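Notes to accompany the following structure.
These numbers come from a predicted model, not from an experiment.
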Amino acid sequence: MRKANSIVGKIGKIRLSDYFPIFWEVDLNELDYKRDADFVISRVMDWGDCNNAWDNLELLYPKDLIKIYCVHQAQIFGNENIERLASKFGLKPEQFPRYVRKETKISRGLGMLTALIKEIHRK
């Protein structure tokens, strides 16, 4: 596994473009992985694991910091993306703000039964 120091530019900076191909609209010369951790971690988690981006996050940031972003960022969308992140970082999908609980057949049936009972009582 690569260490953060193994991909260092000529001026001694980590080149985020070597880790993440998703910052096309940002001047990477101005982006600092330490100072801009909030932006980098949020963006990478939301975009998914293209080119092992989530593994690369762990090369640059402590796992505990990544977990904090997982459970406090409202920018992470999609149950599939959230479930994969949860699995990778040892979290529960329900801990993510945008996780949508899947309705089971039983709970759907109970909901329909409750609505039917209420309708009968109104008559």
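- In terms of heavy-atom proximity, P93 sits nearest to E83 at CG-CG, 4.0 Å.
- Distance alone, capped at 3.5 Å, is enough to place a donor-acceptor pair between the D32 side chain and the R35 backbone.
- To the nearest 0.5 Å, the span separating CG on L65 from SG on C70 amounts to 10.0 Å.
- Smallest separation of non-hydrogen atoms from A86 and K92: CB-C, 4.0 Å.
- Of all heavy-atom pairs between F89 and W54, the closest is CZ-O, 4.2 Å.
- In this structure, R98 CZ and N81 CG are separated by 13.5 Å, a value rounded to the nearest 0.5 Å.
- In this structure, CD1 in I41 is found 5.0 Å from OH in Y61, a value given to the nearest 0.5 Å.
- Cluster membership check: V44 shares its hydrophobic cluster with F39, using side-chain heavy-atom separations under 4.5 Å among Ile, Leu, Val, Met, Phe, Trp and Tyr.
- Distance CG/D38 to OG/S42: 4.5 Å, rounded to 0.5 Å.
- Neither F77 nor I66 shares a network with the other; the hydrophobic side chains, linked directly or stepwise wherever heavy atoms of I, L, V, M, F, W or Y lie under 4.5 Å apart, form separate groups for each.
- A distance of 11.5 Å separates CD in Q73 from CD1 in I68, rounded to the nearest 0.5 Å.
- Residue M45 holds its CE atom at 10.5 Å from CD1 of I82, rounded to the nearest 0.5 Å.
- With contacts defined as side-chain heavy-atom distances shorter than 4.5 Å, the pair Y69/I76 does not qualify.
- Between L31 and V40, the closest heavy-atom pair is CD2-CG2, 4.2 Å.
- Within 6.0 Å of the CD atom in E94, the count of heavy atoms belonging to other residues, nucleotides or ligands exceeds 12.
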